[in-house]
Each structure stands twice: as C-alpha cells, then as structure tokens.
Amino acid sequence: MPSIISDMVFSVSNGKKLKIDEKPIKSMLSYVQDMDEKDEAGGVILGRVIKESNNVVIDVNTEPMEGDIRSRTRFKRGKKRHQKIINEIWKKSEGTCNYLGEWHTHPEKNPSPSSVDIKSWTRILKKDVFSTKYLYFIIVGTESIGVWEGNRENLKIKKLNNVKR
C-alpha cells in the first residue's frame, strides 16, 4: 500500500497547484489492490477552485457503490448514485464544492492509464457537464498514486508532477 497519508500537491497548468486533502487520500488508499482477490474500485472527486489563486483543492471523493461494475481489471462507475452525491454536496456547499474528475485503482505498482482509461477520460471531457476548464483523473496503484489533468478545450491529457509544499 502506498505510504502517502498526508496531503498531496501537484503542479498543474499555468503554474497553479492541485492539492488532494488527507481524507480523500485515505479513502482511495483503502481500496488499494494489494491482493489478487481485490477488484478495481473508483468514484468521483469533488472540490474547489480557490478564486484568489485558481489553485484547486480536492476535498471529497465517492467510493464504490451499488450499480458500479467491478472486476480485477475493470471499474465502470454507475451514474445515478454518484450523481446524487455530487448534487447533495454541491447543494450543501452552496455551489462551492464541484465535480473535478474521477478516480480508480489499478493492480500495478506505478499506475498508468490504459487505452480504455484514455478513451473514457476523453469522452468525459467532451460530453460531461462541469464548470472548469480542467478535470483531474487519479489512479491509485499498489505503491504510488498517479494524477492526470485533462483539458476540455483541446482534449489533451497530461500526467502531473507531485511537488513539495
């Protein structure tokens, strides 16, 4: 299991930062596929764009739930239940906590997106409704976490670098 328990910070476009708070990191790490019988897991990530800086903070994630399709090498998020949580959190936060992307696990040490992941992320960037220029995609491996940024304008997806605070 990755030993990351505190906040993670990544360098994103335009010299800004993406911070993943401790709570969603712990939640995602609880699904690490460190044994053969553990299926892929995933959900959505939610958070805030800080107006003064345009930095992004991921505060919350959903976890696997009924309606998701899970196997050792596949996770397909069911829409209704995750969307209900997105709507509830958005309403409770008075519109300040928004959908920022997706996360899932891979049964590999240092995760990298599959061709299925890239197709799915590109479809999300093209078709889903969201309020930012960028979405973020997290893959939790058995020894590290990878984060990618997707640009809705040019549909480019790039891996982000973890930086020290």
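Index from 1, following the sequence.
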Expected list for residues 121-140: side-chain donor-acceptor pairs under 3.5 angstrom, two or more places apart:
from   : atom 1 : to     : atom 2 : distance (Å)
Thr122 : OG1    : Ile118 : O      : 2.8
Thr132 : OG1    : Tyr134 : O      : 2.6
Lys133 : NZ     : Glu153 : OE1    : 3.4
Tyr136 : OH     : Glu149 : OE2    : 3.3

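Every side-chain contact (heavy atoms from CB on, under 4.5 Å) that Lys109 has, sequence neighbours left out, goes to Thr142, Glu143. Scored by the side chain to side chain donor-acceptor pair (under 3.5 Å) test, Lys16 finds no partners at all (sequence neighbours excluded). With sequence neighbours excluded, the residues forming a salt bridge (charged side-chain N to carboxylate O under 4.0 Å, His left out) with Arg81 are Glu66, listed by chain and number. Residues satisfying the side chain to side chain donor-acceptor pair (under 3.5 Å) test with Arg77, not counting sequence neighbours, are Glu102. Lys38 pairs by the salt bridge (charged side-chain N to carboxylate O under 4.0 Å, His left out) definition with Asp34, not counting sequence neighbours. With sequence neighbours excluded, no residue forms a side-chain contact (heavy atoms from CB on, under 4.5 Å) with Ser115. Under the rule for a side chain to side chain donor-acceptor pair (under 3.5 Å), Asn151 has no partner lying at least two apart in sequence or in another chain. Every residue meeting the ring-ring contact (aromatic ring centres under 6.0 Å, His included) condition with His106, not counting sequence neighbours, appears here in chain and number order: His104. Under the side-chain contact (heavy atoms from CB on, under 4.5 Å) criterion, Lys159 pairs with Trp148, not counting sequence neighbours. Checked against side chain to side chain donor-acceptor pair (under 3.5 Å), Ser114 has the following partners two or more places apart in sequence or in another chain: Asp117.
A donor-acceptor contact closer than 3.5 angstrom is absent between the side chains of Ser11 and Asn161.
Using a cutoff of 4.0 Å between basic side-chain nitrogens and carboxylate oxygens, Glu88 and Lys92 are not scored as salt-bridged.
For residues 40-53, the pairs satisfying salt bridge (Lys or Arg N to Asp or Glu O under 4.0 Å) are Arg48-Asp59, with sequence neighbours left out.
Cluster annotation: Leu160 is connected to Val49 through the hydrophobic network of ILVMFWY side chains, with a link wherever side-chain heavy atoms come within less than 4.5 Å.
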